[in-house]
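Numbering of ligands and ligand atoms starts at 1, following listing order. Residue indices begin at 1 and follow the sequence shown.
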Amino acid sequence: MLLLLLILGIPLSIWLHRPWRLQLVSRPLMGYLARAMPPLSATEQEAIDAGSVWWEGQLFGGQPDWRQLMDLPKPSLSEEEQAFLTHQVDELLSRLAALPGNPNQVDLPDEIWRYLAQEGFFALIIPKAYGGREFSHYANSQIVARIAAANLSAAVTVMVPNSLGPAELLLHYGTQAQQDYWLPRLARGEEIPCFALTGPEAGSDAGAIPDLGVVTRGQWQGNEVIGIRLNWNKRYITLAPRASVIGLAFKLNDPDHLLGEQEEYGISCALIPANLPGVQIGDRHLPMGQRFLNGPIRGEDVFIPLESLIGGIEWAGKGWRMLVECLSAGRGISLPALGTACGQLACRTSSAYAFVRQQFGQPIGRFEGVQESLARIAGLSYQMDAARQLTTTALDLGARPGVATAIAKYHITESARRCLLDAMDIHAGRAIMLGRSNYLAYHYMGIPIAITVEGANILTRSLMIYGQGAVRCHPFLRQEMACLQQAEGLAEFDGLLRQHVSRFARHLLLTLVSGLTLGRLDSAPSKGYPAGYYRQLTRMSRALALTSDLVMLLLGGRLKRRELLTARLGDWLSQLYLASATLKRFADEGSAEQDRLLLDYAMQHSLQQIGLAVVGVCANLPWPWLGWLLKRWIFPFGNGYAGPRDRLIAQLAQALLIPDGLRQRLLTLHHCPQQEQDPVGRVELAFMQLYAVAPLHERLQQAQKQGQLPTKVPMAKLIEPALALGLLSAAEAAALQEAERLRYLALQVDSFAASDLERGAWPGG
Ligand SMILES: Cc1cc2nc3c(=O)[nH]c(=O)nc-3n(C[C@H](O)[C@H](O)[C@H](O)COP(=O)(O)OP(=O)(O)OC[C@H]3O[C@@H](n4cnc5c(N)ncnc54)[C@H](O)[C@@H]3O)c2cc1C
């Protein structure tokens with residue numbers, strides 16, 4: 001007893017008696033942490049400071065308030081936004097569908113460019129006062145998604161002027177004069193913008209750009225003025241070959257002190273007319289055979305006045321902050337929209353094709369192997385759209401959640417890639433042969449673009465989601481880090497430490513209780529289905545909070561370099577976000593019975609990914625015994641998150657092989673013209689007709705079993721004999737003939753005369 005009293009009593013007395021705690025715990029710990037914590041670079045600090053913390057903060061903190069999530073408004077469109085979608089966007093899609101195919105074409109035709117400019121597609125985010133559309137982020141996302149499902153190149157062309165670029169930067173940082181001059185011109189489509197940051201030497205590490213602007217005197221419109229002489233070399237710049245105004249990021253130096261004491265200002269942004277002497281623009285890259293414009297831009301001794309700096313001289317050197325702030329919000333809009341659209345395209349075409357294509361005497365969608373891919377496409381598509389909607393809701397509510405938008409960008413584009421891979425596998429040869437009939441291959445080829453831009457995905461997963469998330473979302477960490485940098489910060493640090501330790505103790509205890517009770521006592525906003533999923537998420541959120549504190553304590557600043565660990569912790573946080581978005585969507589859409597299969601799939605998938613992340617983190621902690629203990633603490637009875645069950649996979653895949661119902665509810669963004677001329681329309685029509693005549697197929701198969709009709713012959717060959725035997729009426733026989741005709745049409749791929757290929761033309765191109 002005495003020994004026990006000493007072991008527990010001494011540390012407890014020290015902890016509870018503030019003067020002792022200050023001297024014996026807080027001061028030495030503060031010293032240790034100050035030495036262990038590597039200094040943050042200015043660019044890292046700005047990335048961490050950009051934007052705000054939103055719902056993901058609660059998931060990270062271990063105490064998600066589900067009511068708060070459920071009370072968020074369901075995203076919706078205004079009448080004007082809805083009208084734009086049904087008129088301008090649909091008209092654009094019809095014009096795009098009518099374009100002749102030509103693999104050598106590297107741009108959209110002028111007629112499409114004119115239509116985009118005239119209808120304000122480049123002005124979705126520009127306020128009405130400047131002649132723009134002033135649409136919500138959600139509407140912007142709906143528009144991009146609807147276009148992207150049909151045509152990636154057109155979507156990228158529309159996306160760029162409405163995401164990180166001159167308009168966005170001017171809206172946030174431009175001077176009144178800059179806004180008044182540029183925004184109306186951009187809104188009318190008189191100016192085509194591009195934004196140039198990346199160069200041969202600096203891609204992901206954009207803070208390292210070598211492009212230089214030197215403050216000097218020069219001639220501008222016949223007068224000598226103080227301005228900036230620029231030299232740059234940029235590449236991969238979208239819309240550059242046609243751009244009339246370049247948003248340029250460069251480092252600003254003032255060696256002659258024409259502006260003041262400071263010599264090096266750092267990254268700055270300016271707007272540069274593309275026709276200035278010294279600007280070399282017009283060459284093209286060929287990004288994965290897509291038709292949008294992309295190319296290098298170089299500038300040699302280009303002189304601009306100081307007024308060209310975005311935001312004026314006060315914003316000189318604050319370019320990195322501008323970019324990170326805009327990017328951290330913009331990442332949650334265009335690319336998630338594009339990814340969701342790819343998911344829906346994969347879903348529509350794969351489900352239709354899996355019914356239309358028959359092998360071994362039945363639709364391939366009835367084989368379990370194909371069902372696995374089909375169900376994954378459907379479950380992920382449901383989840384992707386949910387995350388897209390939740391993230392744009394946050395942005396429309398005025399939040400700028402850098403971590404949530406990074407999660408949306410990374411996971412939605414990765415899920416899109418997964419869905420397109422599955423769709424390619426299901427279609428096999430049908431999706432490999434290029435040509436106009438191929439509705440998948442061009443999206444499949446284009447998806448690496450979404451993976452690469454606005455923060456390449458490996459970097460986003462490894463560094464941004466958790467690396468920034470941990471510092472941003474943790475309730476105390478940022479303040480604690482700030483204290484470490486102040487000599488007088490001991491008292492404040494001690495207060496934070498006390499709260500931090502009590503939070504840790506609470507999570508330690510509750511994680512074990514949740515594990516032992518399998519989360520049955522955890523919180524959920526309602527009873528019955530799907531309360532169990534909420535409880536599991538609460539349980540895993542708390543376990544993440546506990547693990548984060550442990551990992552940070554053990555590794556301190558070294559965690560920054562343990563990217564595999566931060567990637568897994570990021571997956572854990574991300575799946576909590578994606579799963580909670582899915583629950584929110586399910587509730588927003590009326591908790592419909594028919595959506596349960598989709599929700600079940602998405603939730604079981606997310607929990608499985610969380611389980612894998614937990615096991616991966618525990619297996620790689622610096623002290624193996626601690627990892628062993630932590631895993632058993634979180635999962636006392638083992639990791640039960642096995643992923644979607646076979647029965648669920650089969651049920652979901654079967655539901656997709658029915659044209660309406662669940663499939664219809666899922667495909668809200670994909671526009672499908674029900675016409676034979678349209679490649680997707682063709683397979684869709686075949687699916688619907690074949691589905692409608694399925695009872696007749698069964699009747700004929702029955703007759704085959706009874707020996708009335710021959711076996712091992714194609715369906716088309718049974719129609720005539722069945723009609724003659726009176727097994728079919730004339731109308732039924734005609735419906736079957738039509739279905740067989742459509743099926744045959746839907747299975748066709750393109751082939752070309754060698755002479756056409758030599759000319760670089762497709763049929764009709
Ligand atoms: C089609 C297209 C359009 C584009 N449009 C524009 C545009 O309009 N304007 C513009 O300025 N730029 C544009 N870009 C550039 C784009 O932003 C860059 O390609 C991107 O930042 C990545 O740079 P990089 O290609 O040089 O790859 P790198 O930076 O060389 O990265 C290579 C790989 O290493 C990974 N990586 C790098 N650092 C780390 C790290 N610390 N931890 C883990 N992984 C890491 C990356 O994730 C990536 O997988 C475009 C690119 C493409 C492909």
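Taking the centre of each ring, F250 and W232 stay at or above the 6.0 Å mark.
The contact set between ligand 1 and E563, taken as ligand atoms under 4.0 Å from a residue heavy atom, comprises 40 (C), 41 (N), 42 (N), 43 (C). Short contacts between ligand 1 and L463, defined as distances under 4.0 Å to a heavy atom of the residue, involve ligand atoms 41 (N). Below 4.0 Å from some heavy atom of I449 lie the following atoms of ligand 1, by number and element: 1 (C). Taking every non-hydrogen atom of I237 and a distance limit under 4.0 Å, the qualifying atoms of ligand 1 come out as 7 (C), 8 (O), 9 (N), 10 (C), 11 (O). Atoms of ligand 1 lying under 4.0 Å from any heavy atom of T452, numbered from 1 in the order shown and given with element: 19 (O), 20 (C).
Using a distance-only test at 3.5 Å, with no hydrogens or angles considered, no donor-acceptor pair links the side chain of K409 to the main chain of S334. Side chain of K234 to backbone of A249: a donor-acceptor contact under 3.5 angstrom is found.
Taking atom 31 (O) of ligand 1 as the reference point, the nearest protein heavy-atom neighbour is S204 OG, 3.5 Å. Scanning the protein for heavy atoms near atom 6 (C) of ligand 1, the closest one is Y236 O, 2.9 Å. Looking only at heavy atoms of the protein, atom 23 (O) of ligand 1 is closest to G203 CA, 3.3 Å. Ranking the protein heavy atoms by distance from atom 49 (O) of ligand 1 puts I458 CD1, 3.7 Å first.
Between N233 and P200, the closest side-chain pair of non-hydrogen atoms falls below 4.5 Å.
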Side-chain polar contacts of residues 265-284 - donor-acceptor pairs under 3.5 angstrom, sequence neighbours left out - could you list them?
residue	atom	partner	partner atom	Å
S268	OG	G266	O	3.1
S268	OG	G317	N	2.8

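Within 4.0 Å of atom 47 (O) of ligand 1, at least one protein heavy atom is present. Less than 4.0 angstrom separates atom 33 (C) of ligand 1 from none of the non-hydrogen atoms of the protein.
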